[in-house]
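It should be emphasised that the depicted structure is a prediction, and the values quoted were computed from it without experimental measurement. The sequence lines fix the lettering, A, B, ..., with proteins before strands; numbering per chain opens at 1.
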Protein chains: 2
Amino acid sequence: MAKAVRRPPAPPPVPRTADRVLDVAERLAQTRGFNGWSYADVSAEVGITTASLHYHFASKAALGRALVERYTSRFGAALADMATRQADAPSRLAEYARLYGDVLASDRMCLCGMLAAEYQTLPPPMQRAIRDYFDANEAWLRDVFERGRAAGALAFTGTARDAARQWTSTLEGSMLLARPYGDPSRLTTVARRMLAELTRAPAATAKGRLRR
Amino acid sequence: MAKAVRRPPAPPPVPRTADRVLDVAERLAQTRGFNGWSYADVSAEVGITTASLHYHFASKAALGRALVERYTSRFGAALADMATRQADAPSRLAEYARLYGDVLASDRMCLCGMLAAEYQTLPPPMQRAIRDYFDANEAWLRDVFERGRAAGALAFTGTARDAARQWTSTLEGSMLLARPYGDPSRLTTVARRMLAELTRAPAATAKGRLRR
DNA sequence: GTCTATAACGAGATAGAC
DNA sequence: GTCTATCTCGTTATAGAC
């Protein structure tokens, strides 16, 4: 066994090089794709040589895997945090859409949406990590949809799973198409339309209408 | 001026090399992205050297531009042809979705959806051609939505333009997310849901148009 | 941890023969 | 139209000094 752990709150005061590398590589991957940048690009921005990069991440594949895992971890934390602030399903969906909108507003594509396009060219560990991201999205949204329908706050047909997939697909797709036009409103407008559809007229929810 | 045109049906009996190059490059671009293949990949499949490739397409940028323009041209022809066979708006939307579903079924991403991800890394002529593709999509769909609503066959809120953008975004997004799972049903299921939503019998339409 | 130097390879592209 | 030969540059990665 290792020594007893004594100090859980021991945050390193200095921004470690590995983190700065991840920050730069993440932005490059989100704006240019995994195949659209090189170690030389990162080294120029971070201020160390490409040889030093290899000290922190043995290969580009290893760096890519770390990128996706950190991204998924942060996203999961954001979703968990959201649950402590937003109670009802429509608010949670709006907040979920806002997360995506913020990414687009910073002129980036969702990291995993971008990597999904390049999926067939990526090393298997990255492929698995990408699916994990979308699986986590689907699980979280499915829960929101199920509870939202049960509470009469959301109206939709079919399974919560399919509704969740549609929600993510539409947000990813609108990010994808918004960037060529430099027009983030292409996402926010679509998100508003979807949410309005889900919360439209209570006619189909608690009024005794069959929900199918 | 040129000689009088006498024989409209004059199909070249031989598949020209340039076309075979385009066919191979198109598939590579749709499956691996524009930055995911090289002239060497194409030359190996077509059976000529990379030097010969440069005879047909002076640069990869020129080849890329030709790819998008041919793709857009074929897509426009498919939409025009559709108008001769499908009259009502719901049928046209279903057919439009089927076009996208066929691409996915062949294990490819929409060429321009793929290139939209890599947009920032592409030469300006390709960027313009990509926007042209989506503009054409939007124009065609906007017309379908406008006429469909006027005829009482489609029910949606907001502008036809926004409905059109949502339709394409959702199809592109579901293609994007379906490929990591090798599951084309992720698109068809979403398409069915969207269409059902648009044709759900609202207060004022023709007789029930729901087809499922 | 970071450096210099370099290996080993692949990329897009060109010249000129056939 | 296609070839061989070659160029130049960029890429990932390693060895070994500091």
Under 4.0 Å between a side-chain nitrogen and a carboxylate oxygen: does that hold for R70(A) and D23(A)? yes
Can you tell me the distance, in whole Å, between the CG atom of L53(A) and the P atom of dT2(C)? 9 Å
Short N/O separations, protein against nucleotides 4-11 of chain C, under 3.5 angstrom:
from    : atom 1 : to     : atom 2 : distance (Å)
dA11(C) : OP1    : S38(B) : OG     : 3.1

If I take atom CG in residue D19(B) and atom C1' in nucleotide dG1(D), what distance separates them, rounded to the nearest angstrom? 15 Å
Can you tell me the distance, in whole Å, between the CZ atom of F57(A) and the C1' atom of dT14(D)? 19 Å
Applying side-chain contact (heavy atoms from CB on, under 4.5 Å), run through Y133(B) and C110(B) and close with a yes or a no. CA-CA 11 Å; Y133(B) 171 83; C110(B) 165; 3.7 Å; yes
State, without any angle test, whether T72(B) and D132(B) hold a side-chain donor-acceptor pair at a distance under 3.5 Å. no
Between H54(A) and dT2(C), is there a side-chain N or O to OP1/OP2 distance below 4.0 Å? no
Can you find a side chain N or O atom of Y55(B) that sits less than 4.0 Å from OP1 or OP2 on dG1(D)? yes
Where do S43(B) and I48(B) come nearest, in terms of heavy atoms and distance? CB-O, 2.8 Å
With a 4.0 Å cut-off on N to O distance, would you call D107(A) and R27(A) a salt bridge? no
How long is the line joining CG of N35(A) and C1' of dG10(D), in whole Å? 15 Å
Can you establish whether the number of heavy atoms outside R147(A) located under 6.0 Å from its atom CZ is more than 12? no
